[in-house]
Amino acid sequence: MSPAIGGTLNRVDGRFKVRGESRYSAEVPVTNLAHAVIVNAKIASGRITAIDTSEAERAEGVLAVLTHRNLGRVATVPRLLPSLAGLAAPGQTFFPMQDDTIHYGGQPVAVVVADTIERADHAGTLIRIEYETTPATTLLDQARDRAYVPERIFGGLLPGHASRGDVTKALAEAEVCVDATYRFAPNHHNPIEPSASTAVWEDVDRLTVYDSTQGPNAVQFTLAELLGLPPISIRVVSHAVGGSFGSKAMVWHHPAVAALAARHVGRPVRLVLSREQMFTSCGHREEQEQQITLGARADGRITALRHHKLSLTSPFDDWAEPSLQSPSVAYTSPNYEGVYHLVRGNTITPTFTRAPGEATGMFALECAMDELAERIGIDPLELRLRNYSATDPESGKPWSSSGLTECYQRAAELFGWHDRDPRPRSRQDGQWLIGTGMASALYPVTQPVNPQRARARLYNDGTAVVEAGVSEFGTGVFTAMTQVAADALGIPVERVRFVGGSSDLPNVTAAVGSAGTSAVGSAVHLAASQLRDELIRRAVADDHSPLRDADPANVEVRDGKMVLRDRPDVGETYADLMHRTFAPDVEVLGTWNPPPQDAGYGVHTFGAQMAEVAVDADLGVVRVRRMVGVFAPGRVLNRKTAHSQLMGGMLWGLGQALLEATRMDPRLGRWANASLGDYLVPVNADAPDVVVDTVEVHDEVVNPLGMKGVGEIGVVGAAAAIANAVYHATGRRQYELPITLEKLL
Amino acid sequence: MRPISYSRVADVGTAIGTVSADPESAFLAGGTTQVDLMRIYVEQPRRLVDINDLPLTRVEELPDGGLRLGGLARMSDVAEEPAVVRRYPMVAEALLMGASPQLRNMATVAGNLMQRVRCSYFRDVAAGCNKRAPGTGCSALDGINRGHAVLGTSECCIATHPSDVAVALVALDAVVQTEGPAGRRSIPIDDFFLLPGQTPEREHPLTHGELVTGIDLPPLPVAATSRYVKIRDRESYEFALAAVAVAMSVAGGRITEIRLALGGVATKPWRARAAERVLDGAPADTDSFTRAAEAELASAVPHGMNAFKIELTRRTMVRALAEMAQREGTA
Amino acid sequence: MKSYQAIRTAPAPDSAVVRGPGEVAVRLRVNGETRTMSVEPRVSLLDALRDRLELTGTKKGCNQGACGACTVWVDRRRVLACLTLAISCENREVATIEGLAEGDTLHPMQQAFLDADAFQCGYCTPGQLMSAVALLAEGHAGDDAEIREWMSGNICRCAAYPHIRAAIRRVRDEQGGSGAAD
């Protein structure tokens with residue numbers, strides 16, 4: 001039996017998905033269901049002075065109209081802590097409809113409950129609201145002079161300011177300097193499944209919420225605090241989630257609103273956000289600007305990096321996506337300074353958006369590196385190699401594993417990098433200018449704080465159920481966990497069923513920060529391994545077993561049969577042992593205690609990105625012709641699903657580079673393109689064929705299976721590789737994303 | 001969406017009679033604009049009259065050698081109609097570059113002409129918009145207007161007409177056939193689309209209950225050498241940033257016949273008559289093309305974010321004309 | 001295997017009877033079965049399928065014709081259920097993802113999507129599949145450029161696009177490579 005790990009098992013939930021049978025959170029059948037629709041503020045700052053709900057209340061089928069005047073109060077709004085911490089994780093420390101103040105455009109101001117979705121939706125338009133409007137800040141340019149450096153960002157987990165060495169002195173002494181400012185449009189996640197919550201009160205203190213989330217337990221803990229209930233009162237179920245990309249990583253207001261509304265009307269309530277509401281209800285990648293100053297010696301060795309970021313946050317929270325972390329350790333750089341500057345504006349608190357921080361921070365750094373390479377006249381890849389750091393430049397400690405140089409080498413081979421003529425505008429294909437570019441990819445390996453648990457149960461027919469409270473939002477985690485459990489138990493994948501998607505299951509962290517599969521995978525590996533060991537222990541202790549008195553260390557399991565390692569003909573199956581000993585099943589709870597973040601190693605995931613673009617010489621249109629990404633994500637559990645995630649990430653980078661921008665109208669304080677017709681994401685025709693490969697690195701530090709995650713690193717550097725390719729094609733540097741055609745006319 | 005009543009009719013007379021008798025009613029054909037705009041309260045009829053069963057779906061030969069596109073012919077069907085592909089390639093190309101395959105299976109060619117603008121302020125009932133709510137001001141003038149028009153604008157409205165196929169139809173001098181309470185009319189397509197002026201809410205000359213029954217393509221040999229060029233951010237499924245419909249004949253290095261229209265840059269499908277005047281009889285070379293584009297765009301007015309469209313259109317025109325001339329030259 | 005052909009069923013000789021605005025009995029043929037429900041005329045085909053008939057395989061991504069997740073066939077042409085009124089589908093044939101497989105046997109396109117890993121979260125997948133099967137029947141899968149263009153009405157935010165193309169190529173080639181089937 002060949003190991004399942006590392007194979008290409010089809011998704012275990014795939015049959016349901018291609019048949020349309022997977023039930024996403026708005027699709028779970030519930031009897032006596034009512035539908036809720038949220039009504040949003042049309043101003044960005046001010047106060048509700050009058051609200052008339054009488055016409056809405058009289059409308060056919062309406063069960064309730066709830067506003068700040070009659071919606072239940074929340075008990076406590078917990079502190080903002082990334083959901084990886086495993087605790088309550090609200091997206092912001094503000095909960096709407098508790099008073100008459102309006103802090104941002106799109107803030108919920110009312111919720112209508114009716115017997116059908118059409119009636120709820122229409123009644124929402126019958127509510128008359130009067131506002132007193134106060135001036136709003138919705139763009140960086142409106143409030144640069146009010147910027148401040150926060151003590152800490154990101155839920156208090158990261159410092160607002162960091163430095164090493166003397167960056168000012170080093171820059172003054174540098175032989176070559178690159179100084180550039182990069183601007184980034186806001187981005188929205190736009191999973192195709194809008195967020196949805198269905199709240200069912202089975203009793204006054206018994207609530208089930210079907211919720212589209214990256215972390216059922218995070219929703220449970222957050223709802224417990226908001227509703228003032230103990231966790232035992234709340235069950236959160238997430239059977240299938242239609243994409244997230246960070247929009248469902250934190251817990252926003254809608255599940256609690258659904259629960260409050262359901263309690264109010266005494267019926268189950270389903271609340272589905274509209275596409276437009278997805279732009280104002282679950283965070284976004286904030287508008288930002290980054291300034292990079294690179295100092296180097298004439299041979300390209302970096303001596304100093306100064307990296308400042310200015311971004312817009314909400315009135316409530318010091319949120320900035322951590323753009324400076326990965327760039328600070330990408331290359332040897334003895335002198336470093338990184339500072340976050342924030343401006344408070346009238347916005348919902350921004351949030352994780354796939355490769356949160358790295359997507360923008362590494363864009364800035366890798367574009368500056370391209371400029372530096374040109375300035376000193378060496379190949380961009382050679383520049384990276386000269387600055388490769390074998391240790392974590394921040395701590396000086398060795399990497400737990402790297403593989404970066406192998407990634408460069410493999411990507412260069414696959415792409416044909418070394419044939420490249422470095423001169424801009426050196427290749428043309430008819431009307432198209434052809435260019436190639438590259439970038440490094442880095443993504444931190446972030447450890448969950450708390451123990452991660454999974455349960456494994458073996459039945460006496462030799463089949464096993466493995467459970468953990470993780471949700472499946474496209475990562476392939478259910479499939480990978482099936483493989484991990486099968487290998488640990490020594491049985492084929494067909495005999496394993498993985499069950500996830502409920503807060504009643506053993507507690508694991510929300511699957512965020514590319515850490516989800518590692519966290520639950522470690523727990524599943526331990527649970528299944530301990531279960532196997534328990535069966536072996538019972539066998540060697542059983543007088544009737546052929547393995548009686550054998551050394552457990554000399555017993556292995558092949559296809560469900562425990563055998564002596566050196567005498568595979570001696571042994572018995574799990575089923576034989578369990579039947580003989582009248583055991584219907586055997587069950588083990590596995591607990592993985594993650595190592596501390598600082599375990600004596602630098603922990604990062606690395607990769608290399610290359611892209612070829614064609615730029616219409618006259619019209620400025622940019623089309624990506626091919627992309628190559630090679631990554632070293634540690635152990636790959638499933639090559640098929642992992643490559644899909646990496647490929648998807650790279651194409652996200654394409655969207656970030658060329659298309660994606662949410663545009664704020666500062667007069668209205670609202671997004672002007674909150675739709676999938678106007679916020680452009682790549683369509684099939686935009687997506688070139690993508691070559692993805694992985695470099696094997698063995699990592700014994702991060703977790704028992706040596707996994708480092710594939711969910712986000714695919715995004716990192718992809719946009720930079722494209723922008724650098726655009727420069728190579730046209731001779732024009734790009735300092736603003738997305739690179740729309742007017743920038744190349 | 002408001003509550004609505006619904007009826008389905010099987011003949012043109014009943015359809016017209018039903019809608020014209022009820023000021024709060026509207027036709028329902030493909031629904032891709034109607035249902036979309038009703039859902040966001042930009043359109044609020046109380047009654048829909050479903051005309052999908054009317055016998056107006058065919059593409060027919062006309063006695064003069066032209067072609068009649070039935071008003072209810074689906075975009076996808078017209079695009080694959082051999083007579084259209086062969087005799088009016090730019091019509092087929094424009095159809096296929098519009099929307100998505102699913103939408104093209106739904107949307108009718110008449111509905112395509114009647115579609116409303118994609119201006120986000122028009123679609124946002126909480127924003128000022130003279131087209132949707134006359135007198136409330138144009139939010140796009142100083143707003144997010146990257147996609148807005150540079151030709152045919154007024155201080156009341158700068159929304160771009162979104163249709164692709166209408167651009168080709170305007171270049172061909174198609175004729176819109178209608179039937180209404182007052183009988184039948186033939187409306188030259190250039191008169192069918194109205195400039196916003198002071199009355200952006202008026203987009204066409206139809207009366208309530210008047211139905212577009214067909215669109216006539218005149219017999220035009222030059223149309224067989226025509227094409228539609230569309231420039232957009234995304235490679236597919238997006239409205240134009242700039243588009244050019246061109247039909248051209250070249251003999252002895254000179255342009256003997258030219259038909260040119262612009263899309264994505266004007267408040268109506270824009271017949272480029274100034275450019276045509278420059279090109280008619282001119283050498284088929286880059287200099288002529290450039291002069292023609294500049295003549296047409298002399299009246300263009302930028303508004304903030306969309307200033308680039310003037311240069312983009314100029315270059316797109318030159319590109320389209322040059323490629324057409326090259327094809328003609330080598331044909 | 002279910003066939004897909006661009007044919008139109010005969011129109012119903014319906015008179016101009018006014019129905020609604022309250023709930024009216026609407027009878028639909030969905031996946032070959034007749035289903036009756038009481039809905040207001042404003043109810044979309046999408047909401048009728050999902051909320052009234054419990055056919056939740058058809059997905060709601062944008063509800064405004066911009067994503068393709070709600071792609072179904074009406075009279076064997078791929079259309080968007082979100083911009084279609086349910087009542088307007090009386091006397092027409094509606095087909096959804098739930099009708100694509102033959103019992104336990106997946107449609108070849110479903111199997112190809114599974115094998116090629118042509119989806120991640122799976123939410124756009126039913127729409128992709130209904131488009132992909134239609135695409136082959138339309139004869140629009142001749143080469144990759146054509147597939148890319150004619151599959152661009154279905155947004156996949158997980159960006160499985162290259163794998164979606166691979167799945168379509170496989171089924172096309174298994175069917176004889178013409179791109180036109182049935």
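Small disclaimer: the values here were computed from a predicted structure and weren't measured. Letters go in sequence order (proteins before strands), and every chain restarts at 1.
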- In this structure, OG of A:Ser274 is separated from CD1 of B:Ile40 (nearest 0.5 Å) by 11.5 Å
- Query: Checking A:Val681 against chain B: side chain, backbone, both or neither under 4.5 Å from a heavy atom?
  - Reply: both
- Message: With a 4.5 Å cut-off on side-chain heavy atoms, are B:Ile231 and A:Val621 touching?
- Response: yes
- Note on the structure: Nearest heavy-atom contact between A:Leu668 and B:Ala127 is CD1-CB, 4.1 Å
- Item | Side chain, backbone, both or neither of A:Asp121 within contact of chain B (heavy atoms, under 4.5 Å) | both
- Stepwise salt bridge (Lys or Arg N to Asp or Glu O under 4.0 Å) test for A:Arg670 and B:Asp124: CA-CA 11 Å; A:Arg670 301 202 299 273; B:Asp124 174 0; 2.3 Å; yes
- Message: Please classify the contact of A:Leu676 with chain B as side chain, backbone, both or neither, using a heavy-atom distance under 4.5 Å.
- Response: backbone
- Query: By a 4.5 Å heavy-atom criterion (distance strictly below it), what part of B:Ser139 contacts chain A: side chain, backbone, both, or neither?
  - Reply: both
- Query: Are A:Arg667 and B:Tyr121 in a cation-pi setup, meaning NZ or CZ lies under 6.0 angstrom from the ring centre and within 45 degrees of the ring axis?
  - Reply: yes
- Query: Nearest 0.5 Å, what's the CD-OG1 distance between B:Gln44 and A:Thr125?
  - Reply: 7.5 Å
- Message: Please give me the minimum heavy-atom distance between A:Leu619 and B:Leu312, naming the atom from each residue.
- Response: O-CD1, 3.7 Å
- Decide side chain to side chain contact (heavy atoms under 4.5 Å, CB included) for A:Val683 and B:Glu238; before the verdict, give the C-alpha distance in whole Å, the side-chain angles of both, and the deciding distance to 0.1 Å. CA-CA 10 Å; A:Val683 295; B:Glu238 190 192 353; over 6 Å; no
- Query: How close do B:Glu323 and A:Gln431 get, heavy atom to heavy atom, and via which atoms?
  - Reply: OE2-OE1, 3.7 Å
- Task: Might you point out which heavy atoms bring B:Glu235 and A:Ala685 nearest each other, and give the distance in Å?
- Result: OE1-O, 3.3 Å
- For each of B:Gly147, B:Ser100, B:Ala307, B:Gly143, tally heavy-atom pairs with chain A at distances under 4.5 Å, and name the one with the top tally. B:Gly143
- Query: Considering only heavy atoms from C-beta outward, does the side chain of B:Phe308 approach that of A:Leu741 to under 4.5 Å?
  - Reply: yes
- Task: For A:Asp616 and B:Arg319, run salt bridge (Lys or Arg N to Asp or Glu O under 4.0 Å): C-alpha distance rounded to whole Å, both residues' side-chain angles, the deciding distance at 0.1 Å, then the answer.
- Result: CA-CA 11 Å; A:Asp616 190 306; B:Arg319 164 76 56 80; 2.7 Å; yes
- Atom pair CG (A:Asp678) and CD1 (B:Ile144), whose distance is rounded to the nearest 0.5 Å: 11.0 Å
- Message: Looking at A:Glu276, I want to see if its CD is surrounded by more than 12 non-hydrogen atoms of other residues, nucleotides or ligands under 6.0 Å.
- Response: no
- Message: Counting only non-hydrogen atoms closer than 4.5 Å, does A:Leu659 touch chain B with its backbone (N, CA, C, O), its side chain (CB onward), both, or neither?
- Response: side chain
- Item | Carboxylate-amine/guanidinium proximity below 4.0 Å for A:Glu742 and B:Arg146 | yes
- Task: Among the options B:Thr316, B:Val125, B:Asp142, pick out the one with the most heavy-atom pairs lying under 4.5 Å from chain A.
- Result: B:Asp142
- Query: Considering all heavy atoms of both residues, which atom of A:Arg623 and which atom of B:Arg232 are nearest to each other, and what is their separation?
  - Reply: NH2-O, 3.2 Å
- Working for side chain to side chain contact (heavy atoms under 4.5 Å, CB included), residues B:Arg2 and A:His122: CA-CA 6 Å; B:Arg2 271 188 184 188; A:His122 180 60; 3.8 Å; yes
